[in-house]
**Q** 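My structure is below; once you've seen it, I'll send some questions.
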Amino acid sequence: MDDIASYIEQNKERLLNELSQLLKIPSVSADSAFSQDVIDMSEAIKTALEEAGCDQVEICDTEGYPIVYGEKIVDPSLPTILVYGHYDVQPPDPLDLWNSPPFEPVIKETELHPKGAIFARGSSDDKGQMYMHVKALEFMVKTGQLPCNVKFMIEGEEEVGSNSLTTFVTENREKLANDIILISDTGMIAPDVPSITTGLRGLSYVEVEVTGPNRDLHSGLYGGAVANPINILTKMIASLHDDNNHITIPGFYDKVEELPQAERMEMAKAPFNLEEYKKALDIDAVYGEEGFTTNERNSIRPTLDVNGIWGGYIGEGAKTVIASKAYAKISMRLVPQQDWTEITELFSKHFKCIAPKGVQVKITPHHGGQAYVMPIDHIGYQAAAKAYETTFGTPPVPQRGGGSIPIVALFEKELESKTVLMGFGLDSDAIHSPNEHFGVWNYLKGIETIPYFYRYFTEMNR
Ligand code: BES
Ligand code: MN
Ligand code: MN
């Protein structure tokens, strides 16, 4: 690629400033207090795509937040790359744990980012990573090096389940037709150990409500004589794992593939230092399913986690009370072949079944999606691997990721194309967490690597 590295060097300040401007918009999709900001953000993306050289950009209204679509078709006989990303971000809470305000981006050096990292909500997930693609396009268009057609589809509801996108994709198969989908919304192992995400876990997210008596009760007058919903809920949740940390829901593992020993050994070659892992999290031991390594537990194995639990009195001081209701939000990460709607059913059936007499259980499914796998012999993977090798000087390691981008499995089903996950973030970027950041080096390396993917993918398609 002629002079991408020098282009980045010359434009570095501008590339960082433009991203900073986008990070100032608090496009939190989960909280309706930010709805105008989310809409403003879609306008900003439209402008960015136009300025980068898309011929046609539209804001597609949906029942939820808009989807920004843009394209540049150079020649219909050439391959088409569809870039997906999201412009919405997670809520910044808890605010008091941020060292600088979440929507006032600042660049600071850290141990892992000697060239600086940009601190702001959404810097890594996904504004920074999505914007790398916009700037890579800008470079290719400006220098006459765009080798194929490109379509952009940037949504604003990823962090809340991509409901509108599901409909949009199903209704716009032709418009979205492509040869490969390209996403940067995952991570890599380390700056000197580039990796490509070859798998994403599926997800089933449910909320449970346990109701005991019809009103809050004095815990002395009634305590001991009626079911306490919080006691019951925590006992029910505790029973969902056995002593080996296997999940106890009947049928939960029925469709889980046991990976061949050879593949597990291949995975185990990825660099991993347990001591550093523990140190980074200030924990004295890791914890998880018996019989699997840490990297297996967080990628190829399904899980069940409580994400939030509440009920009763949590204000200052003490209040003696038996609450009428207790609640929890529970996520299950799923692996290939597990069907998320089936798992939601199994969970609901089991959870109702283990509830003792004296309480009522209500289960509300939130959202979910299927897991995804990218075979490493696919030309999309091959082209990406060659691109990393060119800019990092070392071939990438294939790595199954533990997170979920549910829409990727839907792309495969509806658009019949595979997705290449070229993530440039690090696990330590603190996505969804206070002090989220994205390495300046990672951001610029992404912009440098992406155009090579375009070139190699187009060449390999001939
Ligand atoms: N970008 C993440 C997913 C991710 C991060 C995958 C790092 C692999 C490595 C995405 O924005 C996300 O947060 N997804 C949600 C699911 C969604 C339905 C809310 C998740 O994984 O919790
Ligand atoms: Mn994301
Ligand atoms: Mn996210």
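Heavy-atom basis, side chains included; hydrogens, waters and symmetry copies ignored. FYI, the numbering just counts along the sequence from 1. Counting starts at 1 for both ligands and their atoms, in listed order.
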**Q** Looking at Lys175, is its backbone amide N or carbonyl O close enough to the side chain of Lys151 to form a donor-acceptor pair, meaning the two atoms are under 3.5 Å apart?
**A** yes
**Q** Could you list which atoms of ligand 1 come closer than 4.0 Å to a heavy atom of Leu203?
**A** 18 (C)
**Q** Using a cut-off of strictly less than 2.8 Å, determine whether Asp125 has an N/O/S atom near the Mn ion (ligand 2).
**A** yes
**Q** Side-chain donor-acceptor pair under 3.5 Å between Glu138 and Tyr7, yes or no?
**A** yes
**Q** Between Glu71 and Tyr69, is there a side-chain heavy-atom distance shorter than 4.5 Å?
**A** yes
**Q** Minimum distance, heavy atoms only, to atom 2 (C) of ligand 1: which one of Leu426, Asp185, Thr186 is it?
**A** Asp185
**Q** Can you find a non-hydrogen atom of Ile431 under 4.0 Å from ligand 1?
**A** yes
**Q** Can a side-chain donor-acceptor contact be found between His86 and Asp88 if the only test is distance below 3.5 angstrom?
**A** yes
**Q** Any side-chain donor paired with an acceptor under 3.5 Å for Gln21 and Asn17?
**A** no
**Q** Tell me, which protein residue and heavy-atom name are nearest atom 17 (C) of ligand 1, and how many Å apart are they?
**A** Glu158 O, 3.7 Å
**Q** Using a distance-only test with no angle check, is there a side-chain donor-acceptor pair under 3.5 angstrom linking Glu155 and Ser164?
**A** no
**Q** With no hydrogens and no angle check, just 3.5 Å: does a side-chain donor-acceptor pair link Ser331 and Asn307?
**A** yes
**Q** Does the separation of the ring centres of His246 and His241 fall below 6.0 angstrom?
**A** no
**Q** List ligand 1 atoms under 4.0 Å from Gly403, heavy atoms only on the residue side.
**A** 6 (C), 8 (C), 21 (O)
**Q** Under 4.0 Å, heavy-atom basis, I'd like to know which part of Pro406 is in contact with ligand 1: side chain, backbone, both or neither.
**A** side chain
**Q** Provide the number and element of each atom of ligand 1 under 4.0 Å from a heavy atom of Arg333.
**A** 20 (C), 21 (O), 22 (O)
**Q** Could you pull out the atom name of the N/O/S atom in Glu159 that is nearest the Mn ion (ligand 3)?
**A** OE2
**Q** Would you tell me whether Glu18 and Tyr131 have side-chain atoms, one donor and one acceptor, within less than 3.5 Å of each other?
**A** yes
**Q** Got the closest protein heavy atom to atom 19 (C) of ligand 1, with its distance?
**A** Glu159 O, 3.6 Å
**Q** What distance separates Asp429 CG from Phe119 CZ, expressed to the nearest 0.5 Å?
**A** 9.0 Å
**Q** Among all protein heavy atoms, pick the one closest to atom 15 (C) of ligand 1 and tell me residue, atom and distance.
**A** Ser404 O, 3.6 Å
**Q** If we only consider heavy atoms of His432, is any one of them less than 4.0 Å away from an atom in ligand 1?
**A** yes
**Q** Would you say His86 reaches the Mn ion (ligand 3) with an N/O/S atom under 2.8 Å?
**A** no
**Q** Would you mind running through ligand 1 and noting each atom that sits below 4.0 Å from a heavy atom of His86?
**A** 11 (O)
**Q** Using a 4.0 Å cut-off to any heavy atom of His367, which atoms of ligand 1 qualify?
**A** 18 (C)
